[in-house]
Protein chains: 2
Amino acid sequence: MVDSHALTAIAAAEFDRDRIGEKGQQILLGAMPEFLQRGYAGTSMERVAKAAGVSKQTLYSYFVDKDDLFVTLVKYLAAQQFQLVWSEPLVGAPDVVLPAVARRMLSKIGSEPQYFDFCRLVIAESGKRPELSQAFLANVAKPAIATLTSYLRDCPILNLADPEATARIFVGTIVHHVLMQDVLHGAAIAPFSADRLVEQLVTLVLGQQRPSS
Amino acid sequence: MVDSHALTAIAAAEFDRDRIGEKGQQILLGAMPEFLQRGYAGTSMERVAKAAGVSKQTLYSYFVDKDDLFVTLVKYLAAQQFQLVWSEPLVGAPDVVLPAVARRMLSKIGSEPQYFDFCRLVIAESGKRPELSQAFLANVAKPAIATLTSYLRDCPILNLADPEATARIFVGTIVHHVLMQDVLHGAAIAPFSADRLVEQLVTLVLGQQRPSS
DNA sequence: GTCTATATTTAGATAGAC
DNA sequence: GTCTATCTAAATATAGAC
C-alpha cells in the first residue's frame, strides 16, 4: 500500500521537471541559492542570470517574469522536500519508532542550512502568497502529521485518546525546537539539548513519566 | 519579587523611547506597517516617509540609513512584545493554570495579525541578522519558557522529571500550532482545533492519558 | 529642523543582432 | 534560441532652499 500523499508529492515533482526542460532546471538551480539567501525582493534577475550562467533574456524566455520564476522554484522545492523525511514507513514498537522518527527529523531538517533558508523564505512570503505556504504545508507538514497519526492510531500498544493531537504535539515540538535553536540562532543564547527534549517527549507520549514520590 | 527577564524587557523598551524622541517615535510608527507587511528589501524609504507624514530627509536626520531604521524598529517591537503574554504571574493548580496559559498564548499571539507579520519579518531576516532574531528570542520566547519552567519546577503536585523540557514541549506545541494554522494559512487546508490540541497537551503533562483498555 | 529637488545606482523588462 | 545593449521606473541617499 502506498500513501496518497506520497503519490501527490512525487506527481508534483515530475510535473515540474516535464514542464521546464533541461535549461529550465539549470535556471532554477542557479536561482535557488539567490532566492534562498536573499529572499524574493532582495534577489535581482541580473544576479539570477549570472548565477545560472545565462543571460537575462533567456530567463524571460523560460519564465514570464520574476514572479513566475519564484513561484515555480518554491513549488519545485516544496515537492522535493517531502521525500527527505517521510520516504520510509514507520514500523515497530513505539518506544523505538518514536525516538527514531525524532532523530530522522532532526538529522534532516535540523542539519541542512538550505532547509533553514527554505523555511525562512516560505514564512517570509506567507503573508502575500498564501498559496506558496499552503503548498509547503501540503507537501511537508501535512504528510508528516498524517503519517505519524496513522502510526499512533494503528499502534495497538498505545491506544491513545487522540492520535492526531498527539502527532501534532510530537511534530510541533521538534519543528519548534529546530526553528528556535537553528533558524533563529537560539542555540547561542539559550541552548537546549535535542536529545533531552526528545527523551521527555517520548516519555510523555508513552505515558511513562515519573510518578509523584 | 520581579523576574529578571521582565526588567530586561522593560529596560529595553525605555532605552529606545529615550534615545529616539517624539518625532522619532512618529517615524517608527509609520515605518512599522510598511516593514511588517513588505519586509526589509520590499520597503522603500519613500513609502516610509509618506506613511510617517515626514520627508525623506527627516528620516535621514533621525536614522543614519535604512538599516538603522529597520534594526531600531525591530528591537523596539521585540521589547514591546514581551508584555503581551507574560506580564501576569502563574499561580494555582496545574490543571487550571496550564489551560489558562495556553488560552492566554492563543488569544494574544494567535489573534493579532500584526504579530504574524512580526514573526514573518524576524524569521525572514534571521539568516542575515542573527542579532535581531536573538533579540526576539531573548524578549519573547526565552522568558516564556523560563516562566513556565519555574512554575512547573516549583509545582509540588507535578514533580516532573524535566520541567524545562516539558515547558519547551508545551510552548513549542502551541507556537507551532499558531505558525501552521495562522501564519502559514494551514487552517484552510488542514484545520485543527486549538482547544482539542490544548486538551491533549494538558492531559499529557498531567499524566492523565487513558490507560490501555 | 524640515521640505523640495536632484544625483546616482540599480531594478525589471525588452529590442534587435546573430 | 541565445546574447548584448538599452529603456524606463524606482531605489537609496544627499544638496540646498526656507
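Under the 3.5 Å distance criterion, the side-chain polar atoms of Q134(A) are left unmatched by any main-chain donor or acceptor of I189(B). Y151(A) places a side-chain N or O within 3.5 Å of a backbone atom of G92(A) that can act as its donor or acceptor partner. Side-chain N or O atoms of R120(A) include one that pairs as donor or acceptor with a backbone N or O of V183(A) at under 3.5 Å.
Between Y115(B) and F136(B), the angle of the ring planes lies from 30° to 60°, which puts this pair in the tilted group.
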Show me, pair by pair, the donor-acceptor contacts under 3.5 angstrom made by side chains of residues 31-43 of chain A, not counting sequence neighbours?
unit_1, atom_1, unit_2, atom_2, d
E34(A), OE1, R38(A), NE, 3.2
E34(A), OE1, R47(A), NE, 3.1
Y40(A), OH, D67(A), OD1, 2.9
T43(A), OG1, E34(A), O, 3.1
T43(A), OG1, G39(A), O, 2.7

I'd like a table of donor-acceptor pairs (distance under 3.5 Å, sequence neighbours excluded) in which one partner is a side-chain atom from residues 166-180 of chain A, with atom names and distances.
unit_1, atom_1, unit_2, atom_2, d
T166(A), OG1, D162(A), O, 2.9
T166(A), OG1, Q200(B), NE2, 3.1
R168(A), NE, E164(A), OE2, 3.3
R168(A), NH2, E164(A), OE2, 3.3
T173(A), OG1, I169(A), O, 2.7
T173(A), OG1, T173(B), OG1, 3.4

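Across all their heavy atoms, L184(B) and S133(A) have their closest contact at O-OG, 3.1 Å.
Taking 4.5 Å as the limit, every side-chain heavy atom of V122(A) sits out of range of all side-chain heavy atoms of L132(A).
Within residues 26-53 of chain A, no residue has a heavy atom under 4.0 Å from DNA chain D. Within residues 55-65 of chain A, the residues having any heavy atom under 4.0 Å from DNA chain D are, by residue number, S55(A), Q57(A), T58(A), Y62(A).
Judged as a salt bridge (Lys or Arg N to Asp or Glu O under 4.0 Å), and not counting sequence neighbours, the contacts of K56(B) are E46(B).
Of the N and O atoms on the side chains of T58(B) and S61(B), not one donor lies less than 3.5 Å from an acceptor on the other residue.
Protein chain A contacts DNA chain D over a range whose 5' and 3' limits, counting nucleotides with an atom under 4.0 angstrom from a non-hydrogen atom, are dT2(D) to dT4(D).
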